[in-house]
Each structure stands twice: as C-alpha cells, then as structure tokens.
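Structure, as structure tokens:
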Protein chains: 2
Amino acid sequence: MSPRHSAAEAARTRDRIVRAAVQDASRLGLEGLTLGTLAQRLGMSKAGLVGPFGSRDRLQMAALDQAGEVFRAAVIAPLVDLPPGPERLARLIDGWVEYLADCPFPGGCFITAASAELDGRPGPLRERLREIVAAQRRSLTEEIAAAQAELPGPHRPAEEVATVLAGLAMAANQEIQLLEDPSAPARARAAMRHAADLNT
Amino acid sequence: MSPRHSAAEAARTRDRIVRAAVQDASRLGLEGLTLGTLAQRLGMSKAGLVGPFGSRDRLQMAALDQAGEVFRAAVIAPLVDLPPGPERLARLIDGWVEYLADCPFPGGCFITAASAELDGRPGPLRERLREIVAAQRRSLTEEIAAAQAELPGPHRPAEEVATVLAGLAMAANQEIQLLEDPSAPARARAAMRHAADLNT
DNA sequence: CCTACCGATCGGTAGG
DNA sequence: CCTACCGATCGGTAGG
C-alpha cells in the first residue's frame, strides 16, 4: 500500500534541493542559479530538479523564501523569550552582528545581495523580496520604539534609527565580504549600540 | 593619408560601447551583461563589440571603471574648490544623497550593486572593485577627520563615522530602489548629518 | 527520478 | 566594422 515515493520522501528531496539552491544563489545570485550546475552538485538530473518545483522561477522563489527563514532562525528566533525593550534590542544587535560575522550564507547576507540584484528587475521575485524587506523594517522599527519608550529621552525618530541600523548591517556585510576587514564586526556593534542609545 | 578609422573615432566608439554597457550592467549586473543584448541595443554586431575590448571580461572591467568615474564626477568633483572641514563634509553628504535620489545609473548605485554581486566571486573584477571601495572609504574617513578637527569634541572614531555614512548610503539606496520610499532621501540626509555631528 | 532531446542563446573566432 | 559560424550551455519537455 505504501507508494514508491512517500510524501515525506518528496518533502525531503524538495528540501535538499532548495538548500543547495540557496547556497549556489548566495555566491552567484538568484539569476546565476542554473539547473545544470545545481543538478551536478546534487548528483541529480535537471529533470529531477524541475519535477518538484515546475520551473527555475519557482525554485528561485523557494530559495528566496528559505533565505528569509534562515535569517529569522538566526537573528529573530533567539529573542522569543524576551519582552520588548532595551535588553531585547541589544540582543537583537548582538545576534545580527554575529549573523554577519559568521554567516550561514557563503556569500554574505542573502537578503542584502538579493536586494541589490533584484531592485531593477521587475517581477514576482522582486515583489516577494520587497515584502520581506518591508516586513523586516517594520518589525525593526517596532523594536526600536519599544526600547526608546523605556529609555530617557529625547529620541530620534524610530524610522531614522531603523535606517541607521539597517545601513550599518549592510556596511558591515560589505566590510566583511568584500573588504575582508577583521575589525568590521566590533565596529558595527559599537556603532549600532550608539545609534540605538544603548550606551549613553 | 588619413586612416579609414581615426584614433579619435575608435575612442568614440569605445566610449559609446562602455556607456551602454554601464547602463545594461546597472540593471542586470556585470554578470548579466551579454554581448548579444548589448550589440542589439547599439545596432552593432557582437564582433564589433569584442573588437575594441578583446573579450567580455575586459568590457566588464571597463564598465566597472567607468562607473567609478561617474560616481566621482557626481559626488566628489563638485567639492574641488572647498577646503577640508565641516562645510565640505556637509556638501559631500548633500551631493551623495542627491546622487542616490536622482541616480545617474538606472538600477541605483552601481558600486553598491557590484559589491553585493562580486563579493563572493574571486577574480580580477572583484579585486578591482575592492580597490575602488577601499579608496573611497579611506578618502571618506579623511573628510570626516578633517571636519572633526574643526568641531568641538569629543568625537567618535572617524572610521566608525565612515562606516555609518557608507551604511546610510546603502540603506537609502535600498529604500529608494527596492522599497520606493519617497521619504528616504530626507531621512538619509538627516541621519548622515547627525552621524557627522554637523547639527549639534 | 532517469535518458535523450528541443530551440535559443552564450562568448568568441575566421575571414573579409 | 560585418556575416557566418563554432562548441557549450541555457531552461525545459517527452516518454518512461
């Protein structure tokens, strides 16, 4: 009665493919992802990749979603037990810098790379990424506002502080990945804490 | 005695090609640049493109160098008559934000896009970009140190302020290009001035 | 999940 | 600068 390939097996295969796709796309970009190269890396045929996803476009989308989940798991999930406030924001900053310094993606922050790659390419991939980045920005702004509410004021607008923190993450990513500057993580952490008023 | 194609004509053709290559690469990335697409856009044959450059690799390198020059001409060159100090740094910030808000590249800041694309791709293109970015960072750090010397202290390390300004430029670029947020330029300008201690 | 194959496009060359 | 062409690789399909 058991089918030749169970649903669980199919899900595992799909997961293997999408994880390998994320690794490839991190180095070569989502447009650099090719079925031939990926199939070779996995010891599969191209048809074996197209099967579970239908097309390269859908595999790219699955890889983008998976990358968003990797970021969440590394930076956001560990905060789950802390209430909003200065300590939680400090932990967020520490986890973010650690994520950049010891990155789960071989080519550095996937979302930052995808943003630069896709911002000028209209289509579903760009729109999905826009939603992911906009949601991250909103939740970052909320974290900052919650911390400011417990800290002595006056404060800069939370949106402005969110832009500074997001920018510092991108600058640190460049310093780590392109410039290979070993002082980047410590400098980013100090600048992020300062921008968030956490050491005054 | 005059050759069928003068050196001046050859230089003009080369320049036309490299400018079109920068436009294409701004939208599609340096790896997305193809001889076929570029030839069609210019009404030329592929062989006509390869001639002046020798290979696609060398055309990519020429486009990267040209992009660095476009940035210099837009942001650095207008400062030539000002001595180092707070006013020159303020003008640099204004020019930088204006460059991002009304960008000479169709896909946003070329250097930022190239950084994300090339940081995981070893090779001459990556090394050239690394030199360009490192030189920009050094000159930015010098501008900041010169301004700090004329402003009441104490000051944060100039390297840290340079990281904040570079990061704010990347964040603003993302907000403009991907998020299409019309408040991005004003917020970036305020945050950059604040980071540089120019409005205290 | 495989092999075998499709038309299109890639970077590049030969010859003029 | 062109046309004509090269082998390689692209995403994807047919059939099993």
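Below, chains carry the letters A, B, ... as their sequence lines are ordered, and counting in each starts from 1.
- Under the Watson-Crick or G-U wobble criterion, with both distances below 3.5 Å, dC2(C) is paired with dG15(D).
- Leu42(A) comes within contact range of no nucleotide atom at all, as no heavy-atom separation falls under 4.0 Å.
- For Arg88(A) (side chain) and Leu82(A) (main-chain N/O), a donor-acceptor pair under 3.5 Å exists by modelled atom type.
- Distances from the side chain of Ser45(A) to the nucleotides dG12(C), dC2(D), dT3(C) place dT3(C) closest.
- Rounded to an integer number of Å, the gap from CZ of Arg16(A) to C1' of dC1(C) is 12 Å.
- A continuous path of hydrophobic side-chain contacts links Met192(A) to Leu100(A) [ILVMFWY only; heavy atoms under 4.5 Å].
- In this structure, the nucleotide among dT3(D), dC1(D), dT13(D) sitting nearest to the side chain of Met44(B) is dC1(D).
- Counting non-hydrogen atoms under 4.0 angstrom, Thr34(B) reaches the backbone sugars and phosphates but no base.
- If you check dG12(D), dG11(C), dC2(C) against the side chain of Ala47(A), the one that comes closest is dC2(C).
- Regarding Gln60(B), its CD atom lies at a distance of 14 Å from the C1' atom of dG12(C), rounded to whole Å.
- Look at CG on Leu38(B): it is 11 Å from P on dC10(C), rounded to the nearest Å.
- Taking atom CG on Leu49(B) and atom P on dC1(D), their separation rounds to 9 Å, with Å as the unit.
- Between dC10(D) and Thr37(A), a contact under 4.0 Å exists linking OP1 or OP2 to a side-chain N or O.
- OP1 or OP2 of dG11(D) has not a single side-chain nitrogen or oxygen of Ser55(A) nearer than 4.0 Å.
- Heavy atoms of Gly43(A) sit under 4.0 angstrom from primed sugar atoms or phosphate atoms, though from no base atom.
- If Gly54(A) and Gly51(B) are placed on DNA chain D by their nearest nucleotide, the residue sitting closer to the 5' end is Gly51(B).
- The CG atom of Leu35(A) sits 16 Å away from the C1' atom of dC2(C) (whole-angstrom rounding).
- Residue contacts shown for Gly48(B) are limited to sugar-phosphate atoms, with no base heavy atom under 4.0 Å away.
- Atom CG in Asp57(B) sits about 6 Å away from atom P in dG12(C), given to the nearest Å.
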- Could you go through the side-chain hydrogen bond (donor to acceptor under 3.5 Å, both in side chains) check for Thr34(B) and Thr37(B) one step at a time? CA-CA 6 Å; Thr34(B) 75; Thr37(B) 304; 2.8 Å; yes
- Evaluate side-chain hydrogen bond (donor to acceptor under 3.5 Å, both in side chains) for Ser55(A) paired with Asp57(A), printing each intermediate quantity in order. CA-CA 5 Å; Ser55(A) 69; Asp57(A) 296 32; 4.6 Å; no
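- Using the six-membered ring where Trp is involved, Phe105(B) and Phe110(B) have ring planes that are tilted, between 30° and 60° apart.
- Side-chain proximity of Thr13(B) to the nucleotides dA14(C), dT3(C), dC1(D) is greatest for dC1(D).
- Base-pair partner of dC10(D): dG7(C) (Watson-Crick or G-U wobble, both distances under 3.5 Å).
- When the C1' atom of dC10(D) is taken as reference, atom CD of Glu31(A) falls 12 Å away, rounded to whole Å.
- In this entry the distance linking NZ of Lys46(B) with C1' of dT9(C) reads 8 Å, nearest Å.
- By the 4.0 Å N-to-carboxylate-O rule, Arg56(B) lies close enough to Glu31(B) to be salt-bridged with it.
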